[in-house]
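Every value quoted in this text rests on a predicted model; they were computed, and no experiment measured them. What you see below is based on every heavy atom in this structure, not just the backbone, and it leaves out hydrogens, waters and symmetry mates.
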Amino acid sequence: FSPTGSMAAGRVGHIATRLSDGRVLITGYANPAELYDPATGTFSATGSMATGRVSHTATLLPDGRVLIACGTAGNALADFDSAELYDPASGTFSPAGSLATPNPH
């Protein structure tokens with residue numbers, strides 16, 4: 001391990017997803033999401049999720065987008081059944097429907 005750049009916001013229950021181009025998408029709790037660039041060792045802001053969530057899933061899809069699903073509000077009082085897609089080309093999140101039931105955390 002070696003030191004690298006600092007994130008703009010502290011995060012809890014976050015997820016790190018390696019993108020097809022080698023950057024890493026950090027999602028969870030705080031908005032906006034951040035991208036880590038291992039080539040430069042820096043973090044930069046990217047789009048904001050519609051729902052600030054923790055304990056969610058993040059899956060890299062074959063087309064390079066990331067599916068963000070479920071999670072909780074962070075206070076364990078609300079489980080989310082919603083999903084969002086992150087597009088690294090545009091740096092934006094968009095709605096991706098809902099699951100039949102929220103995930104248990």
Under the side-chain hydrogen bond (donor to acceptor under 3.5 Å, both in side chains) definition, can you give me all pairs with a residue in residues 8-20, not counting sequence neighbours?
Arg11-Glu34
List the residues meeting side-chain hydrogen bond (donor to acceptor under 3.5 Å, both in side chains) with [X], not counting sequence neighbours, and say none if there are none.
X     : result
Ser98 : none
Thr4  : Tyr36
Thr42 : Thr40
Thr92 : Ser90

Which ILVMFWY residues are connected to Leu67, directly or by a chain of links, through side-chain heavy atoms under 4.5 Å apart?
Leu61, Leu85
List, by chain and then residue number, the residues other than Phe1 in its hydrophobic cluster (Ile/Leu/Val/Met/Phe/Trp/Tyr, side-chain heavy atoms under 4.5 Å); write none if there are no others.
none
Listed partners of Asp21 passing salt bridge (Lys or Arg N to Asp or Glu O under 4.0 Å), at least two apart:
Arg23
Sequence neighbours left out, what pairs pass salt bridge (charged side-chain N to carboxylate O under 4.0 Å, His left out) with at least one residue falling in residues 58-73?
Asp63-Arg65
Are Val24 and Met7 connected into the same hydrophobic cluster when the rule is that any two of I, L, V, M, F, W, Y join if their side-chain heavy atoms are below 4.5 Å apart?
yes
With Ala45 via side-chain contact (heavy atoms from CB on, under 4.5 Å) - residues at least two apart:
Pro32
Taking C-beta and beyond as the side chain, do Leu35 and Leu19 meet within less than 4.5 Å on heavy atoms?
yes
Taking atom OG of Ser94 and atom CE of Met49, what is their separation to the nearest 0.5 Å?
13.0 Å
When you measure from the side chain of Arg53 to the backbone of Ile68, do you find a donor-acceptor pair of N or O atoms at a distance under 3.5 Å?
no
